[in-house]
Amino acid sequence: MSGHDSKYFTTTKKGEIHELKEELNSQYKDKKKDAVKKVIAAMTVGKDVSMLFTDVVNCMQTENLELKKLVYLYLINYAKSQPDLAILAVNTFVKIVDCDLQDSQDPNPLIRALAVRTMGCIRVDKITEYLCDPLQRCLKDEDPYVRKTAAICVAKLYDINAELVEDRGFLETLKDLISDSNPMVVANAIAALAEIQESSSNLIFEITNHTLFKLLTALNECTEWGQVFILDALSKYKAKDARDAENIVERVTPRLQHANCAVVLSAVKVILQQMELITSTDVVRNLCKKMAPPLVTLISAEPEIQYVVLRNINLIVQRRPSILAHEIKVFFCKYNDPIYVKMEKLEIMIKLASDRNIDQVLLEFKEYATEVDVDFVRKAVRAIGRCAIKLERAAERCISVLLELIKLKVNYVVQEAIIVIKDIFRRYPNMYESIIATLCENLDTLDEPEAKASMIWIIGEYAERIDNADELLESFLESFPEETAQVQLQLLTAAVKLFLKKPTEGPQQMIQVVLNNATQETDNPDLRDRAYIYWRLLSTDPEAAKDVVLAEKPTINDDSNMLDPSLLDELLANIATLASVYHKPPDAFVSRVRPSTTRNEEDEEYENGQDAGPGDSSAPIPETTTTAAPTASTPSSTASARPSSQPGPLPPVAPVADLLGDLIGLDNALVPVSQPATPAPSGPPLPVLLPASAGQGLQISGMLVRRDGQIFYSLQFDNNTQTPLENFMIQFNKNTFGLAAAGPLQVPMLQPGGVANTLLPMVLFQNVAPGPPSALLQVAVKNNQQPVWYFNDKIQLQALFVEDGRMERTTFLETWKGLPDSHEVSKELPNAVINNVDQTIEKLASTNLFFIARRLLKDTNQEVLYLSGKVPPSIPFLVELTAVIGFPNVKCAVKTPSLEMAPLFFEAIEAILK
């Protein structure tokens with residue numbers, strides 16, 4: 001549609017469907033075209049116009065190209081919901097495709113291409129048999145546009161029915177198209193074969209010497225996305241020898257000058273792969289020089305492209321640092337760079353830092369350490385420390401810069417500096433201890449666990465050189481019970497070191513206090529067990545304790561090249577893909593599924609009058625994927641994940657540990673992520689528990705529900721951040737019903753702007769809170785990119801009503817009489833209303849509140865309903881509801897042995913009858 005067609009999106013009048021039906025069957029062409037545009041507009045904004053399927057498809061018999069495209073667009077969208085009608089429409093496609101050019105009323109090859117393309121987009125099994133003959137002819141059509149469109153259609157058909165594609169010889173035809181005279185046909189054939197290969201366990205396509213020549217020839221003539229397809233295929237080719245590799249590189253190198261960054265990165269990928277086989281150092285050196293300028297140029301692009309390029313460069317410099325060794329200045333941060341670009345530039349600067357450029361780098365880092373962005377400042381300070389660890393000759397200069405930053409007395413700068421100096425001490429023992437006095441002057445400013453732990457380690461490690469080491473440690477001991485596990489463990493070890501190095505009265509008293517606190521006043525098993533080990537060592541063999549605690553420690557190494565070589569090889573083979581941005585192998589976040597999932601057709605839009613139609617490689621073939629988070633091991637406190645997403649009986653689970661108060665430092669108690677999320681059932685929106693404003697962009701909604709006799713926690717996660725979120729874990733605090741997770745929280749990797757729903761199975765009485773009953777449910781959720789989020793929810797008692805709460809009338813009467821009057825309580829429910837008795841009884845029965853009897857109070861015209869229900873652990877509720885039909889305000893009287901549960905029951909009844 002063109003710009004002036006926006007008027008079609010403004011109509012919301014009643015009877016619109018009937019009017020559209022009339023207009024679609026109009027004899028006037030313009031009126032018919034306007035009607036189809038209105039239908040497409042309504043479909044675009046989410047209205048259901050599937051009832052117009054037959055009328056719209058009838059409009060396909062037209063010579064108007066624009067109208068034909070609109071009908072195809074409608075057909076692709078609704079064919080899956082109307083497969084029988086779609087089959088009727090296929091006959092029209094076959095006629096269009098099958099026409100001879102001389103006899104056809106419309107000889108435009110674009111129409112033939114659109115027809116076969118649309119048939120390929122209709123993912124209905126019944127239609128595939130109709131597609132084969134037209135597709136065979138289109139693959140051999142005289143027009144290259146039709147052939148290249150048909151090539152893409154083969155990949156789509158393979159995803160629906162692989163056996164049919166193999167049996168009808170489509171794969172062999174695709175391979176023949178690699179020798180086509182048109183470069184775009186070659187590119188699309190390669191793209192189709194590559195996608196088919198990814199979804200097949202058999203070898204479908206392999207580049208030979210003959211096909212290699214064809215691909216290199218087509219590379220210079222096809223469009224930019226066609227070049228990307230061909231380059232990706234070339235990156236998988238293993239050259240026979242160094243000469244073969246040099247020939248490939250020579251033909252690919254001109255692509256480095258391309259304006260499209262995807263082409264440039266794909267060319268870099270091919271060159272890097274082939275360089276492994278090139279033995280001539282001169283050739284390798286020249287190639288490194290040629291790759292530097294295009295990479296530098298890409299860094300000057302817009303921030304989003306910069307970030308992708310920087311993530312790829314991060315991998316490249318780990319394998320070939322010489323490529324950008326002389327270009328470190330281009331990675332200096334600009335004042336207006338987004339924070340994610342600055343962070344990535346810092347990482348690359350650390351990797352490129354050398355004795356030759358360290359002075360420039362340190363000046364930059366020192367400047368960054370005075371910025372206003374706290375996270376960036378912390379990263380800059382840590383970068384100085386990493387440079388010191390990496391470059392021994394520059395370590396002293398790095399320490400001088402850190403001391404200058406400490407003198408600024410900025411709290412978070414001081415704490416980061418102490419953390420990195422601790423690592424420098426471990427890298428260069430007995431070399432820079434003279435600065436310890438300066439560090440000790442800043443003890444009072446430390447309030448972060450990692451900084452405290454680092455300072456305590458320094459005091460314990462160099463206790464013999466610090467005169468007042470015992471006094472310094474005592475200042476930390478005053479708050480020992482409130483400290484985090486990290487600080488407590490360091491305090492314990494530092495106190496033992498001090499005692500072993502200075503076995504005087506002061507340290508002796510201190511070690512006794514620390515050991516008592518660590519063994520008797522803590523719930524942390526790591527801390528308690530280590531304290532017992534130290535205690536046993538000190539009491540039985542102090543010399544052995546010295547050998548263990550004061551043993552010589554291995555020096556740490558530079559961690560700037562942190563990726564495993566095999567992982568780096570895999571990521572370099574996937575440059576210019578998501579794997580190179582995530583720095584994870586593709587299998588870690590994408591699992592390919594064939595067949596079933598619907599392909600994304602956004603790249604299949606019909607542009608009015610443009611020869612950028614279906615199958616055009618101006619957009620890459622979308623992959624059929626489902627995202628899945630990597631499987632994490634399930635801790636012993638939870639049940640293993642069920643392979644099926646359908647709720648069913650769950651195995652018994654071990655008790656789940658307490659949450660609030662001991663979560664930090666005990667993350668292993670959390671329920672980890674496992675399989676992809678179970679789709680949440682449709683219904684009213686879930687209440688928001690953690691708004692995005694409080695969750696740094698993560699919004700969590702949820703409530704307890706009951707499905708097939710099982711309690712579930714229905715959750716929805718909305719990622720409004722700029723980064724993917726994964727490895728979600730959940731934990732529940734002690735509560736009245738002991739609700740706890742019965743299995744893993746199943747949430748896939750959540751992309752920016754993404755939404756994920758899941759049903760978390762729950763169990764009862766695993767984590768019971770003492771005291772009077774309460775509806776409060778305290779929940780903690782974390783992921784690997786954010787801190788732990790705590791929020792409160794309300795236990796909906798209607799989710800706990802069990803299926804065996806029905807009573808016979810005589811049993812109801814006996815139970816009612818058997819309970820004393822003191823166990824009866826009533827309450828007016830002003831927001832509840834009964835409009836229809838039968839519907840209300842049915843509604844209550846669906847929540848496991850069962851009808852016993854009813855009577856009419858004639859003098860007040862009130863209906864009285866008697867019901868029974870039960871909640872775990874077998875607590876019965878005998879209910880009397882009194883109301884005037886159709887009027888709000890229901891009186892609820894309940895008798896139950898557990899009277900303290902009545903307030904929760906009243907809330908549940910009011911929620912059901914609201």
Heavy-atom pair of closest approach, residues F737 and P872
CE2-O, 3.9 Å
Is it the case that the side chain of Q766 and the backbone of K734 share a donor-acceptor pair, with hydrogens and angles ignored and the cut-off at 3.5 Å?
no
Is a donor on one side and an acceptor on the other found under 3.5 Å between the side chain of K422 and the backbone of M455?
no
Presence of salt bridge, D569 and R319, under 4.0 angstrom
yes
Is it true that K351 and E347 have a side-chain N and a carboxylate O under 4.0 angstrom from each other?
yes
I511 and W535, any side-chain heavy atoms less than 4.5 Å apart
no
Has D541 got a side-chain atom pairing as donor or acceptor with L537's backbone, closer than 3.5 angstrom?
no
Would you say the side-chain atoms of T493 and Y534 include a donor-acceptor pair closer than 3.5 Å?
yes
Salt bridge between E450 and R382, side-chain N to carboxylate O under 4.0 Å?
yes
dist D526:CG -> L492:CG (nearest 0.5 Å) comes out at 11.5 Å
For K502, does the NZ atom have more than 12 heavy-atom neighbours from other residues, nucleotides or ligands under 6.0 Å away?
yes
Would you find a donor on one side and an acceptor on the other, under 3.5 Å apart, between the side chain of N411 and the backbone of T445?
yes
Enumerate the residue pairs fulfilling ring pair (Phe, Tyr, Trp, His ring centres under 6.0 Å) with a member in residues 404-424, sequence neighbours excluded, ordered by first and then second residue.
none
E371, CD atom: more than 12 neighbouring heavy atoms under 6.0 Å:
yes
Give a yes or no answer on whether the side chain of T736 reaches the backbone of S774 with a donor-acceptor pair at less than 3.5 Å.
yes
Hey, are the side chains of L745 and Y713 touching, using non-hydrogen atoms and a 4.5 Å cut-off?
no
Please assess N442 against Q415 for the test side chain to side chain donor-acceptor pair (under 3.5 Å), listing each intermediate value before the final yes or no.
CA-CA 9 Å; N442 296 277; Q415 302 201 72; over 6 Å; no
How far apart are the C-alpha atoms of N719 and T721, what are their side-chain angles, what is the distance that settles it, and do they pass the side chain to side chain donor-acceptor pair (under 3.5 Å) test?
CA-CA 6 Å; N719 183 6; T721 70; 2.5 Å; yes
My understanding is that only one of V414, I406, L402 makes a side chain to side chain contact (heavy atoms under 4.5 Å, CB included) with L439; could you say which?
I406
To check you understand the geometry: which heavy-atom pair defines the closest contact between V747 and A756, and what is its length?
CG1-CB, 4.0 Å
Would you say that more than 12 heavy atoms from the other residues, nucleotides or ligands in this model lie under 6.0 Å from the CG of D444, or not?
no
Within the distance-only criterion (no hydrogens, no angle test), does the side chain of R427 pair as donor or acceptor with the backbone N or O of I389 below 3.5 angstrom?
yes
Check the angle between the aromatic planes of F425 and Y462 and answer parallel, tilted or perpendicular using the 30° and 60° thresholds.
perpendicular
Please give me the minimum heavy-atom distance between I711 and A799, naming the atom from each residue.
CG1-O, 3.7 Å
Any side-chain donor-acceptor pair under 3.5 Å between E344 and Y340?
no
Looking at R465, I'd like to know if its CZ atom is crowded, meaning that more than 12 non-hydrogen atoms belonging to other residues, nucleotides or ligands lie closer than 6.0 Å.
yes
K390 side chain to I350 main-chain N or O, any donor-acceptor pair under 3.5 Å?
yes
Under 3.5 Å donor-acceptor, N783 side chain and Q786 backbone:
yes
I358 side, atom CD1; R393 side, atom CZ - distance, nearest 0.5 Å:
13.0 Å
Side-chain donor-acceptor contact under 3.5 Å, Q778 with N735
no
Donor-acceptor contact below 3.5 Å, side chain T758 vs main chain L760
no
Does atom CG (D467) have a neighbourhood of more than 12 heavy atoms from anything else shown, all under 6.0 Å?
no
Test item: E433 side-chain N/O and N430 main-chain N/O as donor-acceptor pair under 3.5 Å:
yes
Show your working on side chain to side chain donor-acceptor pair (under 3.5 Å) between Y790 and N733 and close with a plain yes or no.
CA-CA 10 Å; Y790 299 94; N733 196 18; over 6 Å; no
Heavy-atom check, side chain of F791 versus side chain of I700, under 4.5 Å
yes
Can you classify the ring geometry of F589 versus Y582 as parallel (below 30°), tilted (30 to 60°) or perpendicular (above 60°)?
perpendicular
Near K409 NZ, under 6.0 Å, is it more than 12 heavy atoms from other residues, nucleotides or ligands?
yes
Run the side-chain donor-acceptor check on residues 543-551: report pairs under 3.5 Å with partners two or more places apart or on a different chain.
none

